[in-house]
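To keep things clear, I will list the structure first and then write my remarks on it.
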Amino acid sequence: MSFSYKILVLNGPNLNLTGMREPTHYGSATLDEINSALSEAASSLGIETVFFQSNHEGDIIDYIHSALDTFDGIILNAGAFTHYSYAIRDAIAAVKVPTVEVHMSNVHAREEFRHTSVIAPVCIGSIAGFGSFSYHLALAALIERFKKN
Ligand code: DQA
C-alpha cells in the first residue's frame, strides 16, 4: 500500500503504563492496544503512522526534531510535560510540523496544574477528555488540515 501522508504519534512520561495506571482517568486498554487501533484506522485512510513513547524529555524533543521534512503531522500526548516543558514547546515551534495536543482525560476537570498547557500555543489544536478516542479525533483533525494544504 502506498501512503499519502505520514504521522508521528508521540507519547510522553508514564503513558507506557496506560491500562494499569489510574484506569478511571486513562481507561483499561494498553498503549499497544490504543496504538494498534489508531494504526489500523489511519492505514485504512491511506495514512502511515509511526509510534514512539518515552519517559525522557530529551528523547521526545529528538523525535519532534526527526519529524522535520519526514512527517506531515504529529499527534502528541506529552503527559505531564504538557504543563511545564518549554523545551518541548520550543521543539514544536522549531520544526513547524502541524502538531495536535492530545489528552485522554479531561485535564480541565482535574487538578489546577493540569489546566495549563505550555505547548497549546504552538499546536494547531488540542483534544482532551475522550479517552483513547482522543487520538482518533486528533487523526481526523490532521486529515482535515492536510485537505486544506
Ligand atoms: C494526560 C494528562 C496529563 O495531565 C497527565 O500528566 C498524563 C496524561 C492525559 O492523557 O490525560 O500523563 O496527558
Side-chain angles (χ1 to χ4, degrees), residues 5-45 47-68 70-146:
Y5 293 103
K6 205 171 162 186
I7 292 177
L8 177 62
V9 183
L10 279 179
N11 279 285
N14 301 306
L15 288 155
N16 53 311
L17 299 182
T18 304
M20 61 74 70
R21 167 199 186 211
E22 302 186 82
T24 50
H25 288 304
Y26 308 120
S28 54
T30 65
L31 189 59
D32 278 351
E33 289 165 346
I34 292 168
N35 288 347
S36 296
L38 188 65
S39 161
E40 240 174 73
S43 78
S44 73
L45 297 165
I47 302 201
E48 184 182 352
T49 40
V50 173
F51 296 86
F52 182 72
Q53 186 277 329
S54 177
N55 296 320
H56 306 283
E57 189 178 21
D59 288 347
I60 294 167
I61 291 165
D62 287 343
Y63 261 83
I64 292 169
H65 291 177
S66 80
L68 184 66
T70 313
F71 288 91
D72 302 292
I74 301 173
I75 293 174
L76 172 63
N77 185 345
F81 286 142
T82 303
H83 313 302
Y84 65 91
S85 175
Y86 297 118
I88 290 178
R89 173 198 166 118
D90 283 352
I92 299 164
V95 299
K96 293 200 186 94
V97 176
T99 299
V100 181
E101 173 189 4
V102 163
H103 302 287
M104 288 187 278
S105 64
N106 180 358
V107 283
H108 301 288
R110 298 181 64 193
E111 303 93 324
E112 188 83 32
F113 76 89
R114 295 185 206 274
H115 301 181
T116 298
S117 167
V118 300
I119 67 169
V122 294
C123 289
I124 61 168
S126 305
I127 294 163
F130 299 97
S132 60
F133 193 60
S134 290
Y135 294 95
H136 293 258
L137 292 170
L139 173 67
L142 279 175
I143 291 169
E144 278 308 296
R145 174 73 170 218
F146 298 154

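Because the structure is predicted, anything quoted here is derived from the model rather than measured. We count ligands from 1, going down the list as the structure has it; atoms in each ligand are counted the same way. For the single chain, residues carry numbers from 1 onward in sequence order. Heavy-atom basis, side chains included; hydrogens, waters and symmetry copies ignored.
Distances between N or O atoms of H83 and those of ligand 1 include at least one value under 3.5 Å.
The aromatic rings of F52 and Y63 sit parallel, their planes meeting at an angle under 30°, below the 60° perpendicular limit.
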TODO: Starting from the C-alpha separation in whole Å, work towards a yes-or-no answer on side chain to side chain contact (heavy atoms under 4.5 Å, CB included) for D72 and V97.
DONE: CA-CA 6 Å; D72 302 292; V97 176; over 6 Å; no
Task: Derivation of the side chain to side chain donor-acceptor pair (under 3.5 Å) call for Y26 and N14 - done: CA-CA 11 Å; Y26 308 120; N14 301 306; over 6 Å; no
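Taking 4.0 Å as the cut-off, R21 counts as a neighbour of ligand 1 on heavy-atom distance. Proximity of N14 to ligand 1 is not established, as no heavy-atom distance is less than 4.0 Å. Not close to ligand 1: F81, with no non-hydrogen atom less than 4.0 angstrom away. Taking 4.0 Å as the cut-off, V107 counts as a neighbour of ligand 1 on heavy-atom distance.
For ligand 1, the atoms lying closer than 4.0 Å to a non-hydrogen atom of N77 are 1 (C), 9 (C), 10 (O), 13 (O).
With contacts defined as side-chain heavy-atom distances shorter than 4.5 Å, the pair V102/L76 does not qualify.
Defined by atom type and a distance below 3.5 Å, a donor-acceptor pair is present between the side-chain atoms of Y135 and N77. Between N55 and E57, the side chains place no donor N or O within less than 3.5 Å of an acceptor N or O (distance only, hydrogens not considered). Remark: the E101 side chain and the S117 side chain contain an N/O donor-acceptor pair separated by less than 3.5 Å.
The protein non-hydrogen atom at the shortest distance from atom 11 (O) of ligand 1 is S105 OG, 2.6 Å. At the top of the distance list for atom 5 (C) of ligand 1, counting protein heavy atoms only, stands R114 NH1, 3.2 Å.
Checking A78, A80, A128 against atom 6 (O) of ligand 1, the nearest heavy atom belongs to A80. Comparing H103, H115, E22, M104 by heavy-atom distance to atom 13 (O) of ligand 1, the nearest is H103.
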